[in-house]
Every structure is written in structure tokens, then in C-alpha cells.
Amino acid sequence: MNEGSKKTIKTLCFAVLGMFTFSFALVPLYDVFCEVTGLNGKIELKATNNTNIEIENGRDLSVQFVSHNNEQMPWAFKPSEDSIKIKTGKYHTTSFYVKNTTNKMMTAQAIPSVAPSNAAAHLKKLECFCFEQQELAPGEEALLPVRLIFDDALPKSINSVVLSYTIFDVTDYDKVQLSKDLQTNHGNDHKMEPSA
Amino acid sequence: MSAVIESHGHDDHHHGPAKGLTRWLYTTNHKDIGSLYLWFSFAMFLIGGVMALVIRAELFQPGMQIVEPEFYNQMLTLHGLIMVFGAVMPAFVGLANWLIPMMVGAPDMALPRMNNLSFWILPFAFFILLSSLFMEGGAPNFGWTFYAPLSTTYAPPSVTFFIFSVHIMGASSIMGSINVIVTIMNMRAPGMTLMKMPLFVWSWLITAYLLIAVMPVLAGAVTMMLMDIHFGTSFFNAAGGGDPVLFQHIFWFFGHPEVYIMILPAFGIASHIIETFSRKQLFGYSSMVWAMASIAILSFVVWAHHMFTVGLPLAAELFFMWATMLIAVPTGVKVFNWVTTMFKGSITYETPMLFAIAFVVLFTIGGFSGLMLAITPADFQYHDTYFVVAHFHYVLVPGSVFSIMAAVYYWIPKWTGNMYDERLGKLHFWLSFTGVNITFFPQHFIGLAGMPRRYPDYALQFADWNAISSVGAFLFGASQILFLFIVLKTVMGGKKATPQVWEGSRGLEWTVDSPAPYHTFTTPPKVSL
């Protein structure tokens, strides 16, 4: 076999390894891409540290809340308010009601999504139950708070936003990496007593 | 290197093939391996075809008739996987093995032992895949695109075997492509510059680069599935911070180049056959090469047109729509070149030419329905309907499969030394041509009328066209038995072929005897084209 062939083979083997690596690199690339552009309705799962987004006299915005249970997740899960009227650049606090309707300890993780997706980049949260996993004893119920703000750079064409949470049963999972990272940052307990 | 010493030992005495079964097991001869690939592909074509007939039999009438819905899903999945990875791809690799060394004037493929390995792992891959039919929970049932979470959270236990078999198929394809590229880049006869290479060689060079680029991505996708299923990761699981839509991006980043992998060699074949039977030089050789290269490059930036309905932002939908439509330009160049080659040629209509002309016409129909699907707002209506099924079957069956059949009729005199039976060949063509159109043309209508794909049952208003489609499928299926008979008859005997075989054929493979000797071009020919 001549030198040229050996060189071609070597190059091609590197190309194969490179593309295999690239397929895994697509995972973080995709997340970064979605986060930067707000595509896919993905929002950051961590509290904002930007304190300069509060303004007076923001414009009117209607925010609707939607809750979903993933697969056979048996918990009761619903927003305390279906819809709120807020102004951009102003914090608002709302909450979601959950109850573990089973007779065993369960852990849940909520994943948010925003529609329309180009609103996602403008939604900031100071506090959200989606930042960490929720563990509830049998029959235990809780009100889970969300403290959110829309910055004023929200596109003018958007005057209504849907914020949706899907709750997943993660009892049998090892503590997933995502929540592990978050819990080191936000160790405090977000649960409040039900007010009703 | 030991391979060097080995090949010298072979060159010293020109012997024929070894005897018995071990000839095929141990062979490193590109012609033997080419034949193995082609026979394997034909076996898979029949198995995948029987699965297609199970599907069409079930859909002959509305309501559940023959199989359970669960089994229907398994047939649907295996049919797709077997036809793509077991029938079409190995057939093209088989043709590459037989033809590329002879076309470039090389004594064999560059890496003969790896060539043996890349063939012999394939039967194991498909044995594993097919054995999943008999496992608890049944075979994979999530469609050939195996979207997560259908293929992870909701998959039958046999999915692990499916993943393993895809890994083996991928390894086989990657080794095959390395072999093809090294052979073409380093073993061409003196005087054969890149722009003098036969178009089939060009088409395979580009295809092999596509395979090198995307098969590892497929391997990555199934590896992530494996990790999600068994090792607690959450690549595609939203509960753990993953995203099922990510799966579709990775899959189609592989999947779209993959569909060009299945058509580019067909372009090469059609070019050779049309120029031979038109008795004219091919019109626009260099534009053919550039068109194939452009199609290959564009194939990497159109993948999301399979995903218009997942909720892409407007900018992305526009980009992928225009990029997809752009592919029609180089494809159009090729179609016009073929037509111009035939223009004012002294054409005769032997079986390979019939298949090649049918390829040009019917592939173009498939291309047009592809353009319709590229229109984003229209795609929301067509998505996951039988219109899509009609589209990709038009480009794959009378596209890729017809080109493979054309290639077999065109080169089989060179392989066996015997002419095939022209009368039977033409009969096979007309039966296949009629069958394929009766099967797939009505699927355009039921698709536009709203029949979704992948269901074992349908609403009553689709009954008539489905019945017609099923009749066509059985006609097409039965006519392939005739194909098998014709090939066997040619292998057994027939009118002796001359070295040139066809009046208008040109190229190095037609300068050697028919049948081609076991070793050809042990000393490189001088090329003066």
C-alpha cells in the first residue's frame, strides 16, 4: 500500500471520529442555540441576576398559565390563577397548586415552556419551583410560587403569552444533573402552605 | 505491513477463485464481494418486500383484516429499515465493488480484507434485527425514523438489539466508504484525472464522503438512545432536561444526506446507460459532476424540512424552505442533461435503457412532489400523510431501485459472460413499471385527501384507491420473482457476450473479456480518453 493511501485512510478515520464527536457536540450546541435565540420556547432554568429590568409604566400584557401532567403522573397540578394582567418591567408573583394523590413518596420535576417562542428570551424569573425537584409525602399538598417579570424589550406584536408547565414523575430517577446543579445554587425551600 | 506482503504473494501467480464455501467466506476479491453484496441485497429486497405486501394486504380494505395493529407497526418499521439499510445501500456498495476497480483500472479495492469484513458483518446485523420479531414485546415498532421517546421510553425491549444492529450497519457502511475513497483517490490508472473519471465513480466518491460524514452521526444518535434507555441519561427526555425535538434534529442531520446517499449512485448509473443506448457522448459531463457535488453540499443544510411542524421559528422555516427548493436547480441540470443526451441520439430500447428512461421520468415526478412538500405552509397539510409516502417511494422505488435493476441488466453480461433474455427483461420492465405506478400514484390522491401514514386502518372514503394500490403492490412484488428467474437464467447460460457487450458502451470495464477475469488490471492500463 502506498503512502498516499495510508494518508487518505488516516484522514478518513479522523473524519469519522470527528463526526461521531460532533453528533454529541450537537447536544450542548442545540441548548446554547435555543437559549440564545429563545427558540423552542425554552427558558433558562435559573434565577435571573439582572436587577435593572424593572421599569415604571410598562405596557399591558396578558399571561395565561397552563399545566400538564406527563404520561401517568398522578399528581393534581393546576395554576392558582388561569390568567393574569401584568405590565412589562414589573414583578408578579403567582403560584401553582400540587398534591401528591398517591400513597407513596414521590419526586417531581416541572419543565416550563413559553409560547410564542420569541417571548421566551424576555421572560425572567426570580423564583420558580421549576428550578428544583419537588418531593411530596403521600397526600401532601403545596402551593408552588413563581415570581416572574417580562422585560420591556418584548416584541411589540406580543400582547399575550402562555406559560406552560409540564410536571414529570422523576421518583425513580437518580438525581438528574440538571437539578443537582441548581440545588447547589438555590438551596432554599420554595414550598408555601396552601392559603385556601 | 503484512497486507503488503500478502498482496504480493497473490500477484505472483494468477489463480482463479478458491473452491467451495470458504471461497465466499474468506474472499478478498472485489468481484466476489460485489456479488455477495448484490445477492444479500436481493435477499433483503425480497424480505422487505414481503413485509410491504403484509402492509398492503392489511390496507386492501378498511377495518382490521389480517394482522394486529402491533404487528402492523413492526412490519412498517422493519420494511423501512430493511429496504434502506439492507436492500438499497448494499446494492449500491455491491455495484461499487464490482465496477469501481474496473472503471478506474485498479487491480482490486484498496483494502481487500476490510472489504471482506464490511460485507460479512452485514448478515449478522440483519439477523439481529430480524430476530427481534421473535422476542418478547416484538420487533421495533416505532417507524424507520425511530423518533424518541417512541424509541426510548415507549420502545419494546428489543430496541437494544435494534441499536446494536444499526451500529453494525453503520460500521459496515463506514468501512465500505473508506475503501471506495482510498481506491478512487489513490489507485486510478495513469492518465485518469479526476475530471476524466466515469460518472458512476464520481457519484460514488461523493456518496462515500456523505457516508463518512453522516453515518457517525447516526451512530451517535443511537448511542444516545442506548444511554437514555440503560444508563439513566436524559438526552431526549424532557423530565431530565433533555429534548425529544433534539432527537429529530440529530436524526435528520443524518437522514437527509442519507436520502442522497441512496440516489447519487443512481445518477451515475443513469448517465452511463443513457449515453450508451443513445450512442452519443453524455451531454454536460462537468456540469453533472458539479451538480452532484452541489446536491451533496446542500444536503447538509436542509434537514429541518422534515420537521416543519415541530414549532420552528419563522426564520428557520423560510431558510429551510428556500434551501430545499435550491436543490431543484442542480437536480434539474442533471435531468436536462439526460434529456439532451437522448435528443437526436440513435436510441435503442434494450431493458437497461427502458429502466433508465423510466428512472428519469418517475424520479422527476418524485422530485416534483418533493418541491410541493418543501413549501412550508403546504407541508403543514401534507405532513405525515400518504402524499409523503407517495413522494419518497417515487424517488426510491422507480428511482433508486429501478437504477439498480438497470445496472444489473447493463453490466450482467460483463459479470457472467452471458446475455440476459431480452424478451423476459422487457416483460420484467413493463410489469414493474405498471406495478410501481399503480401502487404509488394513487397514494398521492389519498394523501392529499388527508389519509395519515403509519395506521393499519383508514376512513371509508379512502377505500377505492387503497384497494388499487394494493393490487399494484402485488403485481410489482410478483414481477420481482421474474427478475430473480432472469438473473439465475443468465448466470446459468445464454448467448455469449462480447467484451464490449453494447454497441455504444465506452469505459475501461468494456475493454476486458466477458465474463471479466477473476483478476483484472494487475498492470494498470494506459488511459487516453
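Sequence lines set the chain letters: A, B, ... in the order given, protein chains first and strands last, and positions in each chain run from 1.
- Between chain B and the options A:Gly4, A:Ser5, A:Gly18, heavy-atom pairs under 4.5 Å are most frequent for A:Ser5.
- Rounded to the nearest 0.5 Å, atoms CD1 (B:Ile181) and CG (A:Leu12) are 4.5 Å apart.
- Between the CE atom of B:Met175 and the SG atom of A:Cys13 there is a distance of 11.0 Å, given to the nearest 0.5 Å.
- Paired with A:Phe20 under the rule side chain to side chain contact (heavy atoms under 4.5 Å, CB included), one option of B:Ile174, B:Leu218, B:Thr223 passes, and it is B:Thr223.
- Within the model, atoms CD of A:Glu3 and CG of B:Asn186 stand 10.5 Å from one another, a figure rounded to the nearest 0.5 Å.
- Proximity to chain A is absent for every atom of B:Phe254, based on heavy atoms less than 4.5 angstrom apart.
- Only the side chain of B:Tyr154 comes within less than 4.5 Å of a heavy atom of chain A; its backbone N, CA, C and O stay farther away.
- Contacts between A:Asn70 and chain B at a heavy-atom distance below 4.5 Å are absent for every atom of the residue.
- B:Leu211 does not touch chain A: none of its heavy atoms, backbone or side chain, sits under 4.5 Å away.
- The side-chain heavy atoms of A:Asp31 and B:Leu246, taken from C-beta on, include no pair separated by under 4.5 Å.
- Using cut-offs of 30° and 60° on the angle between ring planes, the pair B:Phe235 and A:Phe24 is perpendicular.
- Neither the backbone nor the side chain of B:Thr183 comes within less than 4.5 Å of any heavy atom in chain A.
- Ranked by heavy-atom pairs under 4.5 Å with chain A, the list B:His249, B:Met185, B:Met224 is led by B:Met224.
- Closest heavy-atom contact between B:Pro216 and A:Ser23: O-OG, 4.1 Å.
- Among B:Ala221, B:Ala219, B:Gly220, the residue making the largest number of heavy-atom pairs under 4.5 Å with chain A is B:Gly220.
- Using a 4.5 Å cut-off on side-chain heavy atoms (C-beta onward), B:Val245 and A:Tyr30 make contact.
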Inset, instruction - Begin from the C-alpha positions of A:Thr8 and B:Ile178 and carry the test side chain to side chain contact (heavy atoms under 4.5 Å, CB included) through to its verdict. - result: CA-CA 9 Å; A:Thr8 317; B:Ile178 290 178; over 6 Å; no
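- Per-residue counts of heavy-atom pairs under 4.5 Å with chain B were compared for A:Leu17, A:Leu26, A:Val27; the largest is that of A:Val27.
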